[in-house]
2 protein chains.
Amino acid sequence: MSTLITGIGSLVTNDPGIGAGPLGLVEDAAVVVDGDRIAWVGPAAAAPAADESFDAAGRALLPGFVDSHSHLVFAGDRTAEFNARMSGQSYSAGGIRTTVAATRAASDAELDANLARFLREALRQGTTTVECKSGYGLTVEDEARALRIAAGHTPETTYLGAHVVAPEFADDPAGYVELVTGEMLDACAPHAKWVDVFCERGAFDGDQARAVLTAGAARGLVPRVHANQLSYGPGVQLAVELGAASADHCTHLTDEDVAALAGSDTVATLLPGAEFSTRAAYPNARRLLDAGAAVALSTDCNPGSSFTSSMAFCIAVAVREMGMTPDEAVHAATATGARALRRTDVGTVTVGARADLLLLDAPSHVHLAYRPGVPLTAAVWRNGVREV
Amino acid sequence: MSTLITGIGSLVTNDPGIGAGPLGLVEDAAVVVDGDRIAWVGPAAAAPAADESFDAAGRALLPGFVDSHSHLVFAGDRTAEFNARMSGQSYSAGGIRTTVAATRAASDAELDANLARFLREALRQGTTTVECKSGYGLTVEDEARALRIAAGHTPETTYLGAHVVAPEFADDPAGYVELVTGEMLDACAPHAKWVDVFCERGAFDGDQARAVLTAGAARGLVPRVHANQLSYGPGVQLAVELGAASADHCTHLTDEDVAALAGSDTVATLLPGAEFSTRAAYPNARRLLDAGAAVALSTDCNPGSSFTSSMAFCIAVAVREMGMTPDEAVHAATATGARALRRTDVGTVTVGARADLLLLDAPSHVHLAYRPGVPLTAAVWRNGVREV
């Protein structure tokens with residue numbers, strides 16, 4: 001079954017060989033979807049016939065968003081903690097540990113339903129690929145369970161046993177790293193594609209992070225790193241040294257960190273929702289882009305520090321606060337997000353790519369920044385199937 | 001026909017006599033809607049019977065948003081201008097005049113359809129009351145037309161002939177003020193409830209603004225003022241002196257301006273979408289609230305400086321950037337918005353109030369700030385009718 005999507009006012013292909021600029025923009029375009037793939041892309045006037053036809057009515061079509069950093073296997077929420085923080089009140093917050101307790105106490109079915117609900121919410125907002133981390137279990141069984149559940153929904157599963165030191169190991173962080181690199185890794189590796197670590201004061205230092213990532217790599221998991229979020233540190237350099245697909249957050253970077261990213265294949269994934277929701281200073285995307293680094297945008301969706309699932313919101317904030325142009329932000333939320341997951345089948349609208357498409361209720365992708373907060377989804381296809 | 005909405009996890013009544021705090025929060029609540037009005041509010045366990053029943057399933061219910069400042073009678077958009085501004089490129093922008101030209105060239109039917117589309121978009125996001133200004137016509141006929149069209153959709157119509165000096169009067173601003181206070185006012189007053197003026201360098205000075213507002217008041221229109229947006233100036237003091245319902249923007253305020261607002265019935269209406277979309281510094285809501293001024297939030301929805309129709313987005317940004325607590329921001333977007341329109345029938349969930357209600361897909365109103373950018377509308381009633 002093939003479908004001709006025609007009357008596309010503005011098409012973001014992310015292929016400069018097809019259209020104008022880095023976004024490969026084509027005006028008055030058409031796309032043919034055949035099965036789960038893109039079969040044809042070009043000017044509407046030259047489009048071939050197909051079994052069915054869909055009139056985009058002048059609206060903008062772009063690749064579905066690729067959200068390469070989220071924490072969606074959890075239970076409970078942290079409304080009271082957020083409310084206290086934003087109201088200037090003190091709150092004896094357990095932080096991540098609050099969510100760890102709620103997640104451990106939840107049934108498999110509950111966690112699965114929560115995850116499905118958030119993925120559906122993201123899909124309604126145009127996100128067709130979602131990376132999903134463990135990290136709220138922190139026991140062998142609970143981490144493996146989180147990844148098993150995540151793997152039922154997405155191939156982009158990330159083992160983050162090294163999110164924080166488990167409460168049971170508060171006095172023995174070395175023992176926890178041993179668990180994370182040993183028995184827990186054994187239980188998790190079969191369900192994970194990636195290994196991640198929160199390299200930060202209060203979480204894991206450079207040596208511990210290196211141990212976690214190299215152990216994961218030895219099991220075939222590819223590294224990605226929570227790096228330089230709250231302070232300067234070794235995370236980014238470690239990510240580059242170990243060939244990580246992505247260094248995430250990148251809020252506090254030295255010139256050497258920026259140069260290392262620019263000289264590497266490691267994507268700098270920026271997560272503006274986290275700074276928005278914690279009133280922290282934003283990372284400087286402009287500096288990274290000007291140095292030649294690849295910059296992706298992602299939601300960091302989690303109930304503590306960034307409870308947004310909206311890639312459009314991240315685009316709008318990145319343009320407002322991080323020195324990105326609307327074009328750069330849209331590219332970062334699609335093509336570079338795919339690169340951060342080392343995926344070549346998503347993030348572009350090109351022949352052979354997966355038919356993951358977002359039709360906006362707007363004539364241009366610029367509206368994602370120009371109309372902040374406004375739900376602009378007109379239609380979403382994933383694997384060629386109209387989902388929204 | 002009466003409807004019992006029960007199972008409300010958290011109800012914002014905005015009546016401290018009914019529930020906890022300034023928001024009058026009631027947990028495990030119910031509301032009875034009878035015709036277009038609220039007939040009963042209280043704990044679910046004590047709810048009376050009704051013809052129909054709706055299960056809120058633990059979600060949060062609040063008054064529909066009251067958006068007291070918008071510019072929605074227009075044609076065209078300004079995507080290229082926005083894109084250039086946010087990309088650091090120069091752009092020979094005609095600014096407001098670009099939209100004036102497009103609006104004048106549009107047919108009545110086109111303007112009416114545009115307005116209806118934006119009001120529907122706002123309704124889907126929980127906004128049940130919208131104020132709507134003229135100001136993109138700037139001729140007698142075009143201003144009157146804008147207000148006639150707006151009056152077909154909302155009682156909250158505002159005559160803003162004094163938006164900028166019409167291009168035809170570029171060399172004769174005094175002549176334009178004469179028109180605005182004379183023939184144009186005659187044509188517009190029958191269709192307007194409010195009179196407004198953009199009191200700012202480059203638009204109208206204090207004397208001109210006073211002439212516009214007093215002429216409007218003499219025709220029964222109540223003043224509201226675009227005041228102190230881009231620079232310090234006389235707008236706020238003038239608004240207070242003339243008993244304006246609202247002084248809007250309030251971005252640059254002296255201590256005397258803050259004191260004047262705090263000692264008056266004039267609401268300070270803050271419009272964070274404008275600062276977001278122009279990378280300008282935000283107004284300080286905390287300073288106004290601490291002084292005792294009433295603060296409302298509104299979208300300023302317009303195609304130039306703030307093309308958002310999302311009150312939820314404004315709440316999230318106000319909490320992030322303007323020192324408001326989530327509770328204060330929700331109050332500002334509902335009860336104080338109603339006050340800025342001198343309405344007592346909207347902005348609260350109390351017996352006798354209009355049944356304008358927003359059910360969130362979330363357990364608490366705090367999620368409007370906690371989940372930025374995420375569409376959270378589960379249902380919307382306006383005048384007792386389920387619209388979304």
Side-chain angles (χ1 to χ4, degrees), chain A residues 10 60 77-89 117-118 121-122 124-125 272-273 275-279 286 299 301 303 306-317 319-321 323-329 361-367 369-377, chain B residues 10 60 77-89 117-118 121-122 124-125 272-273 275-279 286 299 301 303 306-317 319-321 323-329 361-367 369-377:
Chain A
S10 176
D77 75 20
R78 307 217 309 255
T79 309
E81 176 187 328
F82 174 85
N83 200 19
R85 180 168 75 233
M86 296 321 228
S87 302
Q89 293 159 12
R117 183 165 66 86
F118 286 114
E121 179 185 281
R124 281 198 304 266
Q125 297 172 87
E275 282 82 22
F276 187 92
S277 293
T278 60
R279 293 203 183 111
R286 186 79 265 138
T299 63
C301 192
S306 181
F307 203 10
T308 186
S309 56
S310 171
M311 291 293 282
F313 175 76
C314 294
I315 288 169
V317 173
V319 169
R320 170 56 160 84
E321 301 288 354
M324 301 186 91
T325 69
D327 284 9
E328 287 168 342
D361 194 10
S364 163
H365 64 281
V366 174
H367 282 231
Y370 181 33
R371 307 215 61 207
V374 180
L376 290 178
T377 304
Chain B
S10 176
D77 76 19
R78 305 214 315 252
T79 308
E81 175 187 328
F82 174 85
N83 200 19
R85 180 169 74 233
M86 297 321 231
S87 301
Q89 294 159 11
R117 183 167 64 87
F118 286 114
E121 178 185 281
R124 280 198 304 266
Q125 298 173 85
E275 282 82 23
F276 187 92
S277 292
T278 60
R279 291 201 184 114
R286 186 78 267 136
T299 64
C301 191
S306 181
F307 204 9
T308 185
S309 56
S310 171
M311 291 292 283
F313 175 76
C314 294
I315 288 169
V317 174
V319 169
R320 171 56 160 83
E321 301 289 354
M324 300 186 91
T325 68
D327 284 9
E328 287 168 341
D361 194 10
S364 162
H365 64 282
V366 174
H367 282 231
Y370 182 34
R371 308 218 59 209
V374 180
L376 290 178
T377 303

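Quick caveat, the model's predicted, so the values are computed rather than measured. Per chain, numbering begins at 1; letters A, B, ... match sequence-line order.
Using modelled atom types, one side-chain atom of B:R320 and one backbone atom of A:E275 make a donor-acceptor pair closer than 3.5 Å. In terms of modelled atom types and a separation under 3.5 Å, the side chain of A:S306 and the main chain of A:T299 share a donor-acceptor contact. Checking side-chain atoms of B:R279 against main-chain N and O of A:V319 turns up a donor-acceptor pair under 3.5 Å.
Of the two parts of B:P363, only the side chain, counted from C-beta on, holds a non-hydrogen atom closer than 4.5 Å to a non-hydrogen atom of chain A. Residue B:A362: no heavy atom, backbone or side chain, is found under 4.5 Å from chain A. If you measure heavy-atom distances from B:A316 to chain A, the contacts under 4.5 Å come from both the backbone and the side chain. Heavy atoms closer than 4.5 Å to chain A are found in both the backbone and the side chain of B:S309. Heavy-atom distances place no part of A:C314 under 4.5 Å from chain B, backbone and side chain included. For a residue to count as touching a neighbouring chain, one of its non-hydrogen atoms must lie under 4.5 Å from one of that chain's; by this rule B:M311 does not touch chain A. Contact annotation for A:A122: neither backbone nor side-chain heavy atoms come within less than 4.5 Å of a heavy atom of chain B.
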- Message: Could you go through A:M324 and A:I315, starting from their C-alpha distance and side-chain angles, then the distance that decides it, and tell me whether this counts as side-chain contact (heavy atoms from CB on, under 4.5 Å)?
- Response: CA-CA 9 Å; A:M324 301 186 91; A:I315 288 169; over 6 Å; no
- Message: Before you tell me yes or no, could you show the steps for B:D77 and A:H367 under side-chain contact (heavy atoms from CB on, under 4.5 Å), namely the whole-Å CA-CA distance, both residues' side-chain angles and the distance that decides it to 0.1 Å?
- Response: CA-CA 10 Å; B:D77 76 19; A:H367 282 231; 3.2 Å; yes
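A:R286 is linked by a side-chain contact (heavy atoms from CB on, under 4.5 Å) to A:N284, A:L289, A:D290, A:T325, A:E328, counting only residues two or more places apart in sequence or in another chain. For A:A80, the side-chain contact (heavy atoms from CB on, under 4.5 Å) partners at least two apart in sequence or on another chain are A:Y91.
Among B:Q125, B:Q89, B:R124, the residue making the largest number of heavy-atom pairs under 4.5 Å with chain A is B:Q125. Chosen from B:F313, B:F82, B:Y370, the residue pairing most often with chain A at heavy-atom distances under 4.5 Å is B:Y370.
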